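Scroll down for the structure; my scribbles are underneath it.
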Amino acid sequence: MMKKTVLMLFVGLVSLGIYAQDATAKIEFKSETIDYGEIDKGSDGVRVFEFTNTGTAPLVISAVRSSCGCTIPKKPEEPILPGQTGQIEVKYDTNRVGPIRKAITVTSNADVPTKVLKIKGTVKGPGAK
């Protein structure tokens with residue numbers, strides 16, 4: 001009887017371990033590129049990347065880094081539950097006149113752990129047409 005109980009517990013734990021490995025977070029962005037278009041110098045440089053956790057486990061974004069100090073990304077602090085949406089806010093310094101071509105690298109526990117997002121556009125100087 002004791003052997004059967006131990007065997008059942010062992011099988012149960014192994015089954016639970018296999019089930020837990022199937023749970024995966026997946027991140028799906030509404031768009032992986034934000035186009036600022038042509039904006040004026042000093043205008044609002046804040047934009048938002050929206051995403052959904054389409055997986056079966058909570059999504060944890062561990063880091064969001066920009067390719068330049070002129071772009072400041074802000075990640076969600078709480079885990080995003082399966083089926084829920086979240087946002088990554090990006091603020092570009094619009095006092096820099098010229099083209100915008102920057103990359104934002106998102107690191108998470110998703111099935112694809114690293115995702116690169118892009119921002120593009122042009123900041124016009126005063127008097128530019």
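Quantities reported herein were computed from a predicted structural model and do not represent experimental measurements. This chain uses plain numbering: 1 for the first residue, then up along the sequence.
The number of heavy-atom neighbours closer than 6.0 Å to CD of E32, taken from other residues, nucleotides and ligands shown, is above 12. Remark: K75 NZ is packed, more than 12 non-hydrogen atoms of other residues, nucleotides or ligands lying under 6.0 Å away. Shown here is R65, whose CZ atom has no more than 12 heavy atoms of other residues, nucleotides or ligands within 6.0 Å.
Distance alone, capped at 3.5 Å, places no donor-acceptor pair between the T24 side chain and the D111 backbone. Of the possible donor and acceptor atoms, one in the side chain of Y36 sits under 3.5 Å from a partner among the backbone N and O of G45. The closest donor-acceptor contact from the side chain of N109 to the backbone of P58 lies under 3.5 Å. Judged by distance alone, the side chain of T107 and the main-chain N or O of S62 form no donor-acceptor pair under 3.5 Å.
L59 and F29 end up in the same hydrophobic cluster when Ile, Leu, Val, Met, Phe, Trp and Tyr side chains are linked at under 4.5 Å.
Of all non-hydrogen atoms in G55 and P82, the two that sit nearest each other are O-CB, 3.3 Å. The two residues A23 and A57 make their nearest non-hydrogen contact at C-CB, 3.9 Å. Residues I34 and V48 approach most closely at CD1-O, 3.4 Å, considering heavy atoms. Taking every heavy atom of both residues into account, V60 and P79 meet most closely at CG2-CB, 4.1 Å.
Atom CD in E78 sits 12.0 Å away from atom CD1 in I61 (nearest 0.5 Å). Remark: I119 CD1 to S66 OG distance equals 7.0 Å, nearest 0.5 Å. Distance check, rounded to the nearest 0.5 Å: CG of L117 to CZ of F51 gives 10.0 Å. Atom NZ of K124 and atom CD1 of I39 lie 9.5 Å apart (nearest 0.5 Å). Once rounded to the nearest 0.5 Å, the distance linking CD of E89 with NZ of K91 reads 8.5 Å. Rounded to the nearest 0.5 Å, atoms OG1 (T114) and CD1 (I27) are 11.0 Å apart.
In this structure, the side chains of K41 and N95 come closer than 4.5 Å at one or more pairs of heavy atoms. For the pair I104 and S67, the minimum side-chain heavy-atom distance is 4.5 Å or more. A 4.5 Å side-chain heavy-atom check between V90 and T71 finds at least one atom pair inside the cut-off. At a threshold of 4.5 Å between non-hydrogen side-chain atoms, the residues F49 and V64 do not count as touching. In this structure, the side chains of Q84 and N53 stay at 4.5 Å or more apart for every pair of heavy atoms. In this structure, the side chains of Y92 and C70 come closer than 4.5 Å at one or more pairs of heavy atoms. Here the side chains of V123 and R96 are not in contact, with every heavy-atom distance at 4.5 Å or above.
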Evaluate side chain to side chain contact (heavy atoms under 4.5 Å, CB included) for E50 paired with T85, printing each intermediate quantity in order.
-> CA-CA 7 Å; E50 294 181 9; T85 60; over 6 Å; no
